[in-house]
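Only heavy atoms go into these numbers, but all of them, side chains included; no hydrogens, no water, no symmetry mates. Because the structure is predicted, anything quoted here is derived from the model rather than measured. In the text below, chain A, chain B and the rest are named by the order of the sequence lines, each starting its count at 1.
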Amino acid sequence: MIDIALIREKPEWVKEQLQKLNDAAAIPRIDAIGRLDQQRRELLAEGERIQANRNKLNKSVGRLRGDKKLDDAARLAVAASAAAAIESGDLDGALALLTGATPPNGGAPAADALDRLSGALGELANRVEAINGEVKTVESQLDDEMLWIPNLPHESVPVFPSEEDNIAWEPEGEFRAFDFEPKPHWELGPALNLIDFERGVKIAGSRGYVLRGDGARLQRSLIAFLLDMARAKGFTEFYLPYMVRDDSLIGAGQFPKFRDVVYHDADADVYMLPTAEVALTSMHRDEIFDAAQLPIYYVAHTPCFRREKLSAGRDVRGIKRVHQFEKVEMYKFTTPETSYAELEALVEASSAVCRALKIPFRRLEIVTGDLGFSASKKYDLEMWAPGSQEWLEVSSCSNTEAFQARRANLKYRAEGQKKPQFVHTLNGSALGVPRTLIAILENYQQADGSVAVPEVLQPYLGGQTTIRAPEA
RNA sequence: GGAGAGGUGCCGGAGUGGUCGAACGGGCUCGUCUCGAAAAUGAGUGUGCCCUUACGGGUACCGUGGGUUCGAAUCCCACCCUCUCCGCCA
């Protein structure tokens, strides 16, 4: 969520930002939010004004009823005058009467004066309730609109319309020179009996896949290696729930916009985790940190489940785009002052993993048109896959600034400051597992059809250096 | 799945329908005392929202949502969650 004060104070500027994001659908919402916000505040002011008077009057009535010093006639006289004052809208006058500041004005002290007073106060309660009802309606409309507004880009993000314009940095690492035609992983995997697509589809349907033998072991090793890399950099490792409630998805920015990519168990009303980021964002929901606790670094390996409609004919082969995959995700809670330095460090941490695996990769600076919903600034890392002949996105590192913090109510108290303020949150993959697996297979394949094991993974595979096809 | 207990502030723990944002204790912060510390002692110590340049004022919040009432932490209803015992189970 962005700060509504921005919309209140400079709506045109906000619209310009949305224009850069290519989110034309969000733009008309800004005016709607402006109207709702104003409406809300007007209603609140009116409702609270009456309520403040009502609170005072109610207390005074309690005292009037219990006041031993007044005889019945006097009590009725006060009640009658006060009731008349309330009915005519003079709440201050009524209060003065009830507290004895002004004497009753001598109206007929009817026997039912106390009931009439109660009735008048009840009427006041009804008015407040009616206004509060309107406030509620307006607020829920307002919240709903706000949840659809994407995060705004940081000023350093290059302004271009589409992912075609993302800025690729100079690749790092050595591109291998092959003296044979490198195969894509969808050929290598089955040939080495590491990946079984037919059985996967048999079990799970479209896009199902099975890793087998050294394929499964390689994945397991990779995950352990990735977690160890993060842990060495000070990240605390977590095991997390894979099924989450909708508040968690709203907090991380998945809902309401991306509802259709998340699997849902309607009976239990829980959702399957699309990324660990969702669970990690919610870890400290509704908490207030001390400044001294920040920054906080977390890392977790989880499966990710994505229902996205996988378009026919695109990325259909292999395990590049699937409904279920493993990912190791890093997450940071920081102060606003340090979040951009922390973003650089985060990308560096992911880059270090690519270097350690000795696979050529490059950094992509994401432009405004491709920023997505939650990020203020984002970098992707891509590994080169010589068999598929393409760059594979293996990591995506974002600073969401206070966008998720506002949705999930994540705050901290700055040194010497009374008011808590929102933290900044960052997330980055380290790395996406199937794509890294693809890159390993395709980069480490050898002329005889076998695949060498990256040096850093060998200890995790009991010293094994090569993956070969099993004996026929 | 069966039976029971309970959800109040940073924590523990009170709370006759009106003066309760909430006793009391602990913690924490600032101060006094001290060479310093401990002990003792004084004051303070929630969050959101609205109004206000500011000082400050108002309002809401005692699991959530409804209801009763002039007035609800306190009464009624529904729901959620936690815990204990039994059963089942990796």
What nucleic acid atoms does [X] come within less than 4.0 Å of, heavy atoms only: base, sugar-phosphate, or nothing?
| X | value |
| --- | --- |
| Glu48(A) | base |
| Arg49(A) | nothing |
| Arg8(A) | sugar-phosphate |

Under 4.0 Å between a side-chain N or O of [X] and OP1 or OP2 of [N]?
| X | N | answer |
| --- | --- | --- |
| Arg413(A) | U47(B) | yes |
| Arg54(A) | C70(B) | no |
| Asn55(A) | G71(B) | no |
| Lys411(A) | G48(B) | yes |
| Lys419(A) | G48(B) | yes |

Complementary nucleotide for [N] - Watson-Crick or wobble, under 3.5 Å:
| N | answer |
| --- | --- |
| U47(B) | A60(B) |
| A3(B) | U84(B) |
| A37(B) | none |
| G17(B) | none |
| G42(B) | C30(B) |
| G12(B) | C24(B) |
| U68(B) | none |
| C55(B) | none |

* Which of these nucleotides, U59(B), C50(B), C70(B), is closest to any side-chain atom of Leu44(A)? -> C50(B)
* Closest to side chain of Gln51(A), choosing from A60(B), G58(B), C70(B) -> A60(B)
With rounding to whole Å, what would you report as the distance between [N] and [M] at their [atom1] atoms?
| N | M | atom1 | result |
| --- | --- | --- | --- |
| G21(B) | U45(B) | P | 15 Å |
| U59(B) | A3(B) | P | 46 Å |
| G67(B) | A73(B) | P | 15 Å |
| C83(B) | C30(B) | C1' | 39 Å |
| A43(B) | G25(B) | P | 12 Å |
| A72(B) | C86(B) | P | 44 Å |
| G57(B) | A22(B) | P | 14 Å |
| U64(B) | U69(B) | P | 23 Å |

Can you tell me the distance, in whole Å, between the [atom1] atom of [X] and the [atom2] atom of [N]?
| X | N | atom1 | atom2 | result |
| --- | --- | --- | --- | --- |
| Ile4(A) | C50(B) | CD1 | C1' | 13 Å |
| Lys136(A) | A60(B) | NZ | C1' | 12 Å |
| Leu57(A) | U59(B) | CG | C1' | 16 Å |
| Tyr412(A) | U47(B) | OH | P | 15 Å |
| Asn58(A) | A72(B) | CG | P | 8 Å |
| Asp286(A) | G48(B) | CG | C1' | 11 Å |
| Leu117(A) | G71(B) | CG | P | 12 Å |
| Ile288(A) | C10(B) | CD1 | P | 8 Å |

* His284(A) ring center near Tyr298(A) ring center (under 6.0 Å) -> yes
* Under 6.0 Å between ring centres, would you say that holds for Tyr271(A) and Phe255(A)? -> yes
* **Working for side chain to side chain contact (heavy atoms under 4.5 Å, CB included), residues Gln464(A) and Asp214(A)** => CA-CA 10 Å; Gln464(A) 186 175 335; Asp214(A) 282 347; 3.0 Å; yes
* Asked: More 5' along RNA chain B: Arg245(A) or Glu129(A), using each one's nearest nucleotide?
  -> Glu129(A)
* **First encountered from the 5' end of RNA chain B, between Arg41(A) and Pro420(A)** => Pro420(A)
* **Ring geometry between Phe305(A) and Tyr263(A) (parallel below 30°, tilted from 30 to 60°, perpendicular above 60°)** => perpendicular
* CA sep, side-chain torsions, deciding dist, call: Gln141(A), Arg35(A), side chain to side chain contact (heavy atoms under 4.5 Å, CB included) -> CA-CA 11 Å; Gln141(A) 288 171 8; Arg35(A) 280 193 303 273; over 6 Å; no
* Side-chain donor-acceptor pair under 3.5 Å between Tyr209(A) and Gln324(A), yes or no? -> no
* Asked: Can you name the closest pair of heavy atoms from Ala77(A) and Pro104(A) and give their distance?
  -> O-CB, 3.7 Å
* Measuring from Ile195(A):CD1 to Ile438(A):CD1, what's the distance to the nearest 0.5 Å? -> 7.5 Å
